[in-house]
2 protein chains.
Amino acid sequence: MLRGVGLRVTRPRVAVLTAVYAHPHADTDTIIGAVREDIPEVSHQAVYDSLRVLTAAGLVRRIQPSGSLARYEARVGDNHHHVVCRSCGMVEDVDCAVGEAPCLIASDDRGYTIDEAEVTYWGLCSGCSPLEVPDHT
Amino acid sequence: MLRGVGLRVTRPRVAVLTAVYAHPHADTDTIIGAVREDIPEVSHQAVYDSLRVLTAAGLVRRIQPSGSLARYEARVGDNHHHVVCRSCGMVEDVDCAVGEAPCLIASDDRGYTIDEAEVTYWGLCSGCSPLEVPDHT
DNA sequence: CCTGCTTTCTTGAATCAGTCAAGATTGTGT
DNA sequence: ACACAATCTTGACTGATTCAAGAAAGCAGG
């Protein structure tokens, strides 16, 4: 898999890739923790570097909702988006209602050469929804 | 305007609000600079705080594309999105092709109570487009 | 207009994710 | 197995943002 994109196969990279598959939408610290279960002495630097290389190679994708740390996921190549909970910050995948390339055509592209449309849905997850907080006034 | 949302009217807040109107999509440093043309001795802290309060009150909106600093804009309440240049980081507004509430309905909301759909278009602005960089090999 | 209370601002330090750099180590092709 | 080049380790550093304590200013009532 790493060879497929012309990268050297090193222990840290394999572990990072595995960790991203095992923990979708995890932030960097979580990934470092997961990697250290395989290789206890990896440096954070190696993880940061691996993530950058894997992202550049297109094997993982980096997402960073406003106000959050960087997160990574291994689902790449398809067209999917994210829901983010405003309260707990949890992220989940959603496919877009419109189909394959939702909203990819802006009404006015302002002269930009657009290559991607990223959609982020903001709201509250089921755990954080104010079901039992009616009106306190 | 500030009074309209129940906030005290202070010099820094007025200046920050004015600066955000004058510099759409400006990052915090730019805003601090603009504010200091009115009030040379404002502390960065006052600006950060004003921005947070104004954002909470809904008078300005905070946006933060992946890998960028926080940026602010005064266009709120309408449904518009952004194009971001991958090269220079410039941000511009676009209205969505679909109309008023584009993509607001995810195909599967995963149990979330969604209140906003944010669309970010990624690409290259006209100034950064590789028009004169054909193929150098 | 003046007083007093509360919010907001100033000053200065601290935090924390992420980056930079130099030298040691490891992967790969021959 | 060897040599070269890429990658990792260690450790320091950056820079945006936040925290905290005391001073100043806005607002409501007299």
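The sequence lines fix the lettering, A, B, ..., with proteins before strands; numbering per chain opens at 1.
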Would you check, one step at a time, whether the test salt bridge (Lys or Arg N to Asp or Glu O under 4.0 Å) holds for Arg110(A) with Asp95(B)? CA-CA 11 Å; Arg110(A) 316 279 299 194; Asp95(B) 297 306; over 6 Å; no
Bending between helix ends of the helix from dC1(C)-dG30(D) to dT30(C)-dA1(D) [5 pairs per end, 10° resolution]: 50°
So, are Arg86(B) and Asp115(A) salt-bridged, with charged N and O less than 4.0 Å apart? yes
Close side-chain approach of Val83(A) to Val91(A), heavy-atom, < 4.5 Å: no
State, yes or no, whether a side-chain contact exists between Tyr121(A) and Glu118(B) at a heavy-atom distance under 4.5 Å. no
Give me the first and last nucleotide of DNA chain D, going 5' to 3', that has any atom under 4.0 Å from a heavy atom of chain A. dA5(D) to dG11(D)
According to the side-chain hydrogen bond (donor to acceptor under 3.5 Å, both in side chains) rule, which pairs have a member within residues 52-69 of chain B, sequence neighbours left out? Arg61(B)-Glu73(B), Arg61(B)-Glu116(B), Arg62(B)-Tyr72(B)
Validation row: Arg13(B), Val53(B) side chains within 4.5 angstrom (heavy atoms): yes
Distance test, side-chain N/O of Thr28(A) to OP1/OP2 of dG18(C), below 4.0 Å: yes
CA sep, side-chain torsions, deciding dist, call: Asp93(A), His82(A), side-chain hydrogen bond (donor to acceptor under 3.5 Å, both in side chains): CA-CA 5 Å; Asp93(A) 290 338; His82(A) 299 102; 3.2 Å; yes
Which of residues 38-55 of chain B sit near DNA chain D, with a heavy atom under 4.0 Å from it? His44(B), Gln45(B), Tyr48(B), Arg52(B)
With the side chain counted from C-beta on, respond yes when Arg3(B) and Val9(B) share a heavy-atom pair under 4.5 Å apart, and no when they do not. yes
For Asp29(B), all residues meeting side-chain contact (heavy atoms from CB on, under 4.5 Å), sequence neighbours excluded: Asp27(B), Ile32(B)
Whole angstrom value for the distance that separates C1' of dT7(C) from CG of Leu2(B): 14 Å
Of Leu54(A), Ile31(A), Leu59(A), which meets side chain to side chain contact (heavy atoms under 4.5 Å, CB included) against Val20(A)? Ile31(A)
Keeping the roles fixed (side chain from Thr30(A), backbone from Ala26(A)), state whether a donor-acceptor pair exists under 3.5 Å. no
Can you list, by residue number, the residues of residues 5-21 of chain A that have a non-hydrogen atom closer than 4.0 angstrom to DNA chain D? Arg8(A), Thr10(A), Pro12(A), Arg13(A)
Tell me which of Arg3(B) and Gln64(B) sits closer to the 5' end of DNA chain D, going by the nucleotide each one is nearest to. Gln64(B)
Are the side chains of Trp122(B) and Pro65(B) in touch, meaning some heavy atoms are under 4.5 Å apart? yes
Show the nearest heavy-atom pair for residues Cys125(B) and Cys85(B), with the distance to one decimal. N-SG, 3.3 Å
